[in-house]
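One structure is given below, encoded as structure tokens.
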Amino acid sequence: MRKHDVVVVGAGLAGQRAALAAIDAGREVAVFSKLHPLRSHSGAAQGGINAAVGKEDSVDTHIYDTVKGSDYLGDQDAIEFFCREAGPTVVEMEHFGTIFNRSADGSLARRPFGGAGFPRTIYAADRTGLALLQALWERLGTEEFTLYEEWDLTSLVVREGTVRGIVAFDRRKGEFALIEAKAVVMATGPFGRVYGRTTNAHSCTGDGVAAAYAVGAALKDMEFVQFHPTALLESGILITEGARGEGGLLKNALGERFMSKYAPHVFELASRDVVSRAIVTEILEGRGFPGGYVHLELMHLGKERIESRLQEICDFARHFAGVDPVTQPLPISPAQHYMMGGIGTDIHGATNVRGLFAAGEAACVSIHGSNRLGGNSLLETLVFGKEAGIAAAAYAAHASVSSLTEDDLATAIAPIRAWSHRTDGEDPSVLRSEMQRVMDQYVGIYRTEADLLEGVRRIRELKKRFARIRVVDQSLVYNVNLSDALEVGHMLELAEVIVVGAYARTESRGAHSRRDYPTRDDAHWMKHTIAHRGADGPQLSYAPVAFTRWEPKERVY
Ligand SMILES: Cc1cc2nc3c(=O)[nH]c(=O)nc-3n(C[C@H](O)[C@H](O)[C@H](O)COP(=O)(O)OP(=O)(O)OC[C@H]3O[C@@H](n4cnc5c(N)ncnc54)[C@H](O)[C@@H]3O)c2cc1C
């Protein structure tokens, strides 16, 4: 049987940074990734990474902006740690070889981003994620570790409350294997594909979050789903906040720059929840364009600036929307973009399950609280990926070895085998599409009790139908029918936690906007939602928010 000290699941920025830290700490490391590492969603990040590095900016302002952006639900001790690590982290990435844009004086160029009191988003044109991912991959390549590429984690193995290993599936051969591990770092990234309209890649299905939930890990603040204000109309492809940072304007069908009504001080650069709600309100009140969208105008910035600072946006707009941003406005509306919730961890990535650590978008520390600021999550992957790697290595140094057997593997995969042995049953891809429609319709930007109840009912119905799915394709090599089934099963679990948490939270805070409870209710709801998997679905409990220096205030932009 394969055995490793530290198994990192995920090779995006969080997973790679965790692996590097664990190797640096002297442990033997294996990395599992269902994609080639450079295809991870981190590589799609456009706008940039936050760090208060200039003389005029300060770490305290970054902390304050993040606390305020979180609508006071972020843990302030974690946010303080995070913002202090920002500068050293960006410098380290530069030393690893990331080529960031420069200002005329040679310092790191910074662009304004929503909700930030100062331009502090450092960038590599509009391909920041890819630039970081490539540099980190090259750095990691100088170390020794085992890479399991195109292997899917399917579940975690836990005995007596302690992680003992993982079960994974080799896409190229169709074989399942049990891999023993002293410590596991879950860095499987986003799960935006529970929605239909999303900026997330097709691979963002939350497998690791669902696997952790299945073995008793607490999921935190899952009801907080970020919708990005500007995604291309039909494809949902992201148009980075950097486009507004560079001076892009939002206009409704009457030609009005409507953000003046919603954020009279900062207009288009209010935080994402505020801008997304403004766009949806304009559309619902009849001031959008037919088909439900508004315009993002860049034309006034000039060809030179658009084509040099927003190269990728130009390509996306031309190829996927048939419009040229140099001469035409872009048709945009909001789309699901980021999950504030995830596997609950402390600052060092530890979860409530011994030996299980988590980092990146799969985790919830929590620094984003109920609303993440753009540019903070690339930073999060690196800061907390490193912490999780260090902590997992320290734990693995003293952890005992387990003794799993092939019977453990047989038991773990018996339900999956049953899908392929059935002679009738439902197609998992049908359930995937239905789930996405339910989430888009009932658990979107604006929420109500009636919608959420309907959402819970429908997701539970889909879960029941999932118990009867059938995998028709019997082939072993790249069986996407089987991968699809595994992913849909994971996403249905997470969709249920999102909607149940949203139904329970009878207030509006950050990205969670209840029409029937339109205000923030600190007296009852200044607390994190914790979800444990129970026999009949998620069991909710609540945990306090950590405060250091910032008292809650009304959040205006
Ligand atoms: C279009 C887009 C643009 C963005 N732009 C920005 C930005 O400008 N600034 C910013 O701060 N943030 C941005 N974000 C958010 C940020 O990019 C992500 O939160 C972050 O990159 C996630 O990194 P990660 O390492 O946690 O996950 P990922 O990079 O998604 O990596 C996940 C890894 O897990 C692996 N994996 C998943 N499931 C399995 C499984 N079952 N078995 C094995 N491996 C598995 C995948 O193969 C992958 O390697 C953007 C997000 C999107 C979608």
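Every number for a ligand or one of its atoms is a count from 1 in the order of the listing. All values derive from a computational prediction rather than experimental measurement. For the numbers below, each heavy atom of this structure counts, side chains included, while hydrogens, waters and symmetry mates do not.
Looking at residues two or more places apart in sequence or on another chain, you find no salt bridge (Lys or Arg N to Asp or Glu O under 4.0 Å) involving Glu175.
A 6.0 Å sphere centred on CZ of Arg39 holds no more than 12 heavy atoms belonging to other residues, nucleotides or ligands.
For the side-chain contact (heavy atoms from CB on, under 4.5 Å) with Met491, the lone residue among Met439, Glu496, Arg193 that qualifies is Arg193.
Near ligand 1, Val9, Gly10, Ala11, Gly12, Leu13, Ala14, Phe32, Ser33, Lys34, Leu35, Ser40, His41, Ser42, Ala44, Ala45, Gln46, Gly47, Gly48, Trp151, Asp152, Leu153, Ala187, Thr188, Gly189, Pro190, Thr199, Asn200, Asp207, Leu238, His337, Tyr338, Gly360, Glu361, Arg372, Gly375, Asn376, Ser377, Leu378, Thr381 each place a heavy atom less than 4.0 angstrom from the ligand.
Between Phe82 and Phe384, the ring-plane angle classifies as parallel under the 30° and 60° cut-offs.
For Tyr148 and His4, the distance between ring centers is under 6.0 angstrom.
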Take Tyr338 and Phe227, measure what ring pair (Phe, Tyr, Trp, His ring centres under 6.0 Å) needs, and give me the verdict at the end. CA-CA 7 Å; Tyr338 182 87; Phe227 291 83; over 10 Å; no
